[in-house]
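All remarks here apply to the structure that follows.
When reading the values below, keep in mind they use all heavy atoms of this one structure, side chains included, and skip hydrogens, waters and symmetry mates.
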Amino acid sequence: MSQRTQFFFTGAHVLPAVMLAANGEAAGAAVLSYLALLGMALLSAVADEPARVPVRIKADEERDIRRRR
């Protein structure tokens with residue numbers, strides 16, 4: 001996981017808690033900020049996934065292990 005993704009996941013959980021601790025009436029804004037940051041974290045995590053490269057097997061490697069010696 002990249003540092004950007006980790007930052008968004010941490011921020012999604014810390015910022016709403018700080019908002020509610022500072023002002024209990026900010027519950028609506030805290031929920032909206034939580035959803036926005038969580039969405040950004042999920043999109044960032046999807047972008048971090050490496051592309052899969054197909055693996056090719058050479059004809060030499062298909063032989064039995066006993067015959068390689």
For residues 24-40, please give each side-chain donor-acceptor pair under 3.5 Å, one per line with the distance, not counting sequence neighbours.
unit_1, atom_1, unit_2, atom_2, d
Ser33, OG, Ala29, O, 3.3
Ser33, OG, Ala30, O, 2.9

I need the full list of salt bridge (charged side-chain N to carboxylate O under 4.0 Å, His left out) pairs touching residues 5-21, with sequence neighbours left out, sorted by first then second residue. none

Only pairs at least two apart or in different chains count here, so list each salt bridge (charged side-chain N to carboxylate O under 4.0 Å, His left out) that has a residue in residues 7-16. none

Throw together a table of side-chain donor-acceptor distances under 3.5 angstrom for residues 5-21, partners on residues two or more places apart or in other chains.
unit_1, atom_1, unit_2, atom_2, d
Thr5, OG1, Ser2, OG, 3.2
Thr5, OG1, Ser44, OG, 2.6
Thr5, OG1, Asp48, OD2, 2.5
Thr10, OG1, Gln6, O, 2.9
His13, ND1, Phe9, O, 2.7

